Amino acid sequence: MRRVVLAGRGDLGEWRDAARALAAAGIVPEEIDWRERSAEADLSFQRDAMPPAPAASRKPMTVPPAFIELAETVLCHSDPARFSLLYRLLWRLQLDRQLLEVTSDEDVVRARLMAKNVHRDAHKMTAFVRFKEVGAVSARRRKFIAWFEPDHHIVRRTAPFFQRRFTDMDWLIATPKGSAAWDGERLTISDEPCEKPNLSDATDELWRTYYINIFNPARLKVKAMQAEMPKKYWKNLPEADLIPGLIASAESKVREMAAREATQSLPFHDRLQQAARNLSAEPELPAGTLEALRAEAAVCTRCPLHANATQTVFGEGPRDADVMFVGEQPGDQEDIAGRPFVGPAGRLFDQVIGEAGIDRSTLYVTNAVKHFKYEPRGKRRVHQKPNMGEVKHCRWWLDLELALVKPKLIVAMGATALAALTDVKGRLQDVRGRAMAIEGGRTLFVTVHPSYLLRIPDERLKAEEMARFREDMLEIQRLMKAAA
C-alpha cells in the first residue's frame, strides 16, 4: 500500500501531479492510501508521498475536459475520500471515455454531489459575507474585514468574485479554512486558518432595519427560509437575532394585515363629496398657505388616479424648510394613513437620514404624484409606476408646493421625481450623487428611492446600494450645512 499525503486545500495542480506520477507507474487505485496533511504529520509520513518511478511501458493517461472541471471543484470539498474518488474515476476513464455521462454510476453520482455541495457553499459565501468597516486607507479608500465559516475549501475559488465586486476598497475575508485579501492592486490568498475577529459597525443596524422592512409574515415558510439561510450562518449575520421574534409574531401580524385589508375605502365620488363637505365646514383658510393648498388637493380630480385611491397624500413639513425631498408616489400604507413616507420605504428613509444626522422634522417631504397607483391582486394592492401624463397632471401641485416652501435644496429620489422636477428622461445613474444648479437659484441633488433598495434581490448589490444611499444622505447633510 502506497501512502500519498496532500495539503488538500483545493489545489488541482497538487493532486494532478501526484495522480500523473502514480498512473505513469501503473499504481492501481486499490494500492493507494490518500491522506490529507495534518499539523501532526511527521517526516516519515511525508516521505511516503514521494511519487514512484514511471513504468516505461505505460502510455500517458488522458481525460476529457469535463473531468478536469469536475476535479477542480471536487478537490475543494472537505471529504478526505475525494482524492481516491477522483483517482478511481481517472483510472476508469481510460477504459470508458463516456463514464461521466453515466448518471447512475456510483462514483459519478458521488463526485457530482460533492461538486454541487462546493458550488452551494460558494454561493452562500457570496450571499452571507458581511463586511465591517475598520478604518480608512486614504481619503478615497476604506478598509473592511469580514468573517465567514465555509464547509469546504472555497476561499480561493470565490475570492475573485469579491475582487470584481469590491475593487474600490481594501478588504480581508477571514475563515477557518484560509483568507483572501485585496489592496486595490493584488489579490492575496492564504491557506492558513484564521481566528474570528470581534467586529461591528454602523451597518449592522442598517441591515436589521432593512430585514424588518422586507420580512413578510404572510409569506413565511420556515423550512424554505432555513434552506436558503441555514441556521449555521445566523451567528454571523447582524439581522439574524431578529428572526425568532419575527417568526413568533408572524401569525398575529397576518391577522392584523387581513383586518387592515378588509377595511374598504369609500367609492371615490362619496369620498370627494365627504372631502368637499369637510372643506366647507371648516373656517376659511388663509390663501397662499400650505394648509389651504392641502385642503384644495384633497378634492383633486386632475387625473384618473384619484378614482381608486383612498385619499390625496399631500406633502408635509415646515413652511420655511430649506430642504425638500421629492419621492415618486404614495404607497399602500401612505394611501391609508394620508401621510408621505410612513411605510417600509419611509422607515428605511428615516433610519438612514437619522444616521446621517438629518432631522426629518426640518424637512419638507412630498411626492411627484399625490395619489396611490396600484393594481389589485386578490386582497393585495400592488404598486404601479405612474406614467408621464399622470406625473405632468400632478406637477400642478408640486409647483405650488415649491412656490410656497421655497427650498434651497431639492432632493429627487428616483427617476419619476427627477422627471417631474426637470423633464430629464435620461438614466438616473448619470446624474446621481452630485449637486446641480436649477432654475430659481436652487440646488438639485439626485439619488434613488428607498423602495428601490427594498426590492433588490441580489445580496451583494443590495449591500453596495445601501452603502451608496447612505453616502448620498451624508452628502446631502454636508450640502445642508453649506447652505445654512
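None of the values given here were measured: they were computed from a predicted structure.
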Checklist entry - Is E251 salt-bridged to R255, going by a charged N under 4.0 Å from an acidic O? => result yes
Next on the checklist: For H383, run the side-chain hydrogen bond (donor to acceptor under 3.5 Å, both in side chains) check against E328, E375, K373 and tell me which one passes.
Outcome noted: E328
Next on the checklist: For W91, is there any backbone N or O sitting under 3.5 Å from a side-chain donor or acceptor partner on Q94?
Outcome noted: no
Item to check | Residue pair Q384 / Y374: nearest heavy atoms and the distance that separates them | outcome: CG-C, 3.6 Å
Item to check | T126 backbone acceptor or donor facing R460 side chain under 3.5 Å | outcome: yes
Item to check | Side-chain donor/acceptor of D472 to backbone N/O of T447, under 3.5 Å | outcome: no
Checklist entry - Under 3.5 Å, is there a donor-acceptor pair between the side chain of E14 and the main chain of G8? => result yes
Enumerate donor-acceptor pairs with a distance under 3.5 Å from any side-chain N or O in residues 70-77 to protein atoms, sequence neighbours excluded.
unit_1: T73; atom_1: OG1; unit_2: E69; atom_2: O; d: 3.3
unit_1: H77; atom_1: ND1; unit_2: D79; atom_2: N; d: 3.0

Next on the checklist: If you compare all heavy atoms of V365 against all heavy atoms of F349, which two are closest, and at what distance to 0.1 Å?
Outcome noted: CG2-CE2, 4.5 Å
Checklist entry - Does R186 have any side-chain hydrogen bond (donor to acceptor under 3.5 Å, both in side chains) partners at least two apart in sequence or in another chain, and if so, which? => result none
Checklist entry - Where do A181 and L172 come nearest, in terms of heavy atoms and distance? => result CB-CD1, 3.9 Å
Checklist entry - Between N367 and V369, is there a donor-acceptor pair closer than 3.5 Å when you use the side chain of the first and the backbone of the second? => result no
Next on the checklist: Around atom CD of Q429, are there more than 12 heavy atoms from other residues, nucleotides or ligands closer than 6.0 Å?
Outcome noted: yes
